[in-house]
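Owing to the predicted nature of the structure, the values given are computational and were not obtained by experimental measurement. Here is the naming used below: chain letters follow the sequence lines, and residue numbers restart at 1 for every chain.
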Amino acid sequence: MAFKSIRGTKDILPPETARWHYVESVVREVFHRFNYKEIRTPIFEQTALFARSIGELTDIVGKEMYTFTDRSDDSITLRPEGTASVIRAYIQNNLGEAQPLVKVYYIGPMFRQERPQAGRLRQFHQFGAEAIGSLQPEVDAEIIAMTIQIYKELSLAKYALKISSVGCEKCRPHFKEILQNELRKIAAKLSPDSQRRIEENPMRVLDSKDENDATLTAKMPVITDHLCAECARHFESLKKYLTSFHIPYTVDGRLVRGLDYYTKTAFELTSAELGSQDALAGGGRYDLLTQELGGKATPGVGFAAGIERLMMVLEKKGFEPAADIRPALFIASADAESRAWSVATTIDLRSEGIAVEADFLARSLKAQMREADRQQAKFVLVVGQRELGSGRAILKNMKTGEQNEIPLDEIRKQLS
RNA sequence: GUGGCCAUAGUUCAGUUGGUUAGAACGCCAGGUUGUGGCCCUGGAGGCCGUGGGUUCAAGUCCCACUGGCCACCCCA
């Protein structure tokens with residue numbers, strides 16, 4: 001084969017694009033109902049934006065970014081996630097000056113150079129939302145409720161919501177020290193991966209998939225027991241809201257997010273139907289990010305969800321939306337002269353807003369009927385010399401098989 | 001980045017201990033119906049057997065490398 005798509009990238013082809021249209025329309029509709037407005041940022045940014053927001057030491061920045069130098073010798077990176085760009089746009093365009101709470105959402109591709117596997121691609125798609133400007137736990141609750149609502153409206157039932165608080169600049173460093181001290185005591189018994197993580201990211205040791213590690217760390221302290229008064233109050237309030245929203249959740253003090261910028265609330269939605277990469281969506285609060293990126297100190301909360309993973313679950317359920325593009329009418333023609341008429345009429349009707357298809361292969365009537373069937377056309381109009389002469393033709397309802405002779409100039413009326 | 005499995009028509013797959021013209025189903029095209037879809041019947045087109053090298057009289061089949069896919073680790077959406 002001459003050219004192939006880049007490893008870890010995929011073509012999304014017609015029957016499947018209908019599913020994407022459906023999912024995107026549901027997602028947009030829910031966002032709009034929650035009064036979030038769409039923001040579209042460039043898919044590439046200065047490398048430093050991601051390095052500073054996501055964190056130099058994270059895997060994403062350390063080894064997964066698509067980074068290159070452009071012809072002006074600037075370091076450019078394809079966005080690995082959405083929040084950094086949104087906050088950059090928020091600061092750059094002074095969005096906070098027009099209103100105190102800015103609520104935006106995005107849908108689009110993200111890029112990470114990882115080894116592809118089930119539910120993991122190098123170009124993948126996310127939808128997500130950010131609420132920038134409020135410290136209130138009500139906003140955290142709204143974001144979570146909105147996330148859940150989207151999955152509900154897609155008739156997805158089998159997921160689990162895990163929530164936690166990762167603390168703030170006051171309580172997290174404290175806890176990190178306590179945990180590291182505990183972990184160092186048993187370091188020798190831990191897996192090599194976990195030993196490395198003790199210094200790099202101790203919270204992740206608690207999340208290890210290694211059975212032995214899990215046993216050894218079962219009684220280790222968790223952050224949710226070591227929050228400062230303010231973080232604890234915030235977390236309690238969030239839990240109350242979720243309960244009042246009738247949203248079931250489990251508190252998982254070991255929940256870790258892959259990005260450094262999170263403070264207080266962290267949450268994750270997982271699906272048991274996904275295999276190893278089971279996170280459907282994740283998010284949390286990032287009260288320090290805006291000032292870290294050079295803006296006025298402004299709190300924020302957000303989430304992001306993987307569209308391909310959502311598709312995997314929908315496919316597993318056998319979900320198949322009705323074809324979103326199908327002609328209202330197919331004009332079948334019996335000969336060259338009527339074909340000319342049918343093409344001209346097709347263009348006319350289309351300009352009037354009617355979805356029409358005709359024969360463009362000069363095929364037999366039978367083949368045209370087959371084509372109309374394949375396209376799931378609602379009606380077929382059969383025209384030939386006779387019809388052009390008499391001004392009346394047969395209109396066939398493809399679902400019922402019913403045929404009626406109608407005057408050609410009444411075709412618009414018949415279709416409406 | 002590491003590991004395991006895999007790579008044959010458009011698609012999903014068969015292909016005996018290496019042995020003549022590589023098969024099926026579905027899909028596609030045409031005919032059965034000289035102006036009518038779906039079901040049925042008949043016929044047809046369509047394969048450098050992932051790429052490169054090696055072993056052999058002989059390779060889709062065995063060996064090696066590469067590329068790609070799948071799955072897992074890592075990490076995450």
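- Screening Arg326(A), Arg350(A), Arg374(A), Lys378(A) against Glu357(A) for a salt bridge (charged side-chain N to carboxylate O under 4.0 Å, His left out) leaves a single residue, Arg350(A).
- Between Arg88(A) and Glu45(A), at least one side-chain nitrogen of the basic residue sits less than 4.0 Å from a carboxylate oxygen of the acidic one, meeting the salt-bridge criterion.
- Atom CZ of Phe111(A) sits about 12.5 Å away from atom OG1 of Thr67(A), to the nearest 0.5 Å.
- Taking atom P on both nucleotides, G18(B) is separated from C63(B) by 11 Å, rounded to a whole Å.
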remark   = Given protein heavy atoms under 4.0 Å, the one-letter contact record of nucleotides 70-77 of chain B, with B base, S sugar-phosphate only and - none, is simply -BBBBBBB
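- Within 3.5 Å, no donor on the side chain of Gln368(A) pairs with an acceptor on the base of U36(B), nor the reverse.
- Remark: Glu38(A) engages Arg28(A) in a salt bridge, criterion side-chain N to carboxylate O under 4.0 Å.
- Residues Tyr262(A) and Val166(A) approach most closely at O-CG2, 3.7 Å, considering heavy atoms.
- When the P atom is used for both C49(B) and G23(B), the distance is 14 Å, rounded to whole Å.
- Checked by atom type and distance alone, the side chain of Arg254(A) pairs as donor or acceptor with a backbone atom of Leu206(A) at under 3.5 Å.
- With the nearest nucleotide of RNA chain B identified for both Met398(A) and Ile6(A), Met398(A) has the one nearer the 5' end.
- Rounded to the nearest Å, the gap between the P atom of G27(B) and that of C40(B) is 9 Å.
- Donor-acceptor pairing under 3.5 Å, judged by distance alone, is absent between the side chain of Lys366(A) and the base of G35(B).
- Comparing U55(B) with A9(B), their C1' atoms are spaced 29 Å from each other, to the whole Å.
- Atom P of A25(B) sits at a distance of 15 Å from the matching atom of A45(B), rounded to the whole Å.
- Among the heavy atoms of the strands lying under 4.0 Å from Glu387(A) is at least one base atom, whether or not backbone atoms are also near.
- When the P atom of A7(B) is taken as reference, atom NZ of Lys4(A) falls 15 Å away, rounded to whole Å.
- Not a single donor-acceptor pair, N or O on each side, falls under 3.5 Å between the base of G37(B) and the side chain of Arg374(A).
- Under 4.0 Å is where a charged nitrogen must lie from a carboxylate oxygen, and between Glu315(A) and Arg19(A) at least one such pair does.
- As rounded to the nearest Å, C13(B) and U56(B) have P atoms that lie 35 Å from one another.
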message = Output the pairing pattern of RNA chain B as a dot-bracket string, 5' first, Watson-Crick or G-U wobble with both distances under 3.5 Å, | for cross-strand pairs, [ ] for crossing pairs.
response = (((((((..((((.....[...)))).(((((.......))))).....(((((..]....))))))))))))....
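- Nucleotides C64(B) and G1(B) have their P atoms positioned 22 Å apart, rounded to a whole Å.
- Proximity of a side-chain donor or acceptor of Thr346(A) to a complementary backbone N or O of Ser342(A) within less than 3.5 Å is detected.
- Counting any heavy atom pair closer than 4.0 Å across all strands shown, Ala367(A) reaches sugar-phosphate atoms only and no base atom.
- In this structure, the CG atom of Asp359(A) is 15 Å from the P atom of G37(B), given to the nearest Å.
- A straight line from CZ of Phe379(A) to C1' of G38(B) spans 17 Å, rounded to a whole angstrom.
- By the 4.0 Å N-to-carboxylate-O rule, Arg392(A) lies too far from Glu387(A) to be salt-bridged with it.
- Here, G46(B) and G10(B) have their C1' atoms 9 Å apart, quoted to the whole Å.
- At distances below 3.5 Å, not a single donor-acceptor pair connects side-chain atoms of Glu273(A) with backbone N or O atoms of Lys316(A).
- At the heavy-atom level, Gly8(A) lies under 4.0 Å from the strands shown only through sugar-phosphate atoms.
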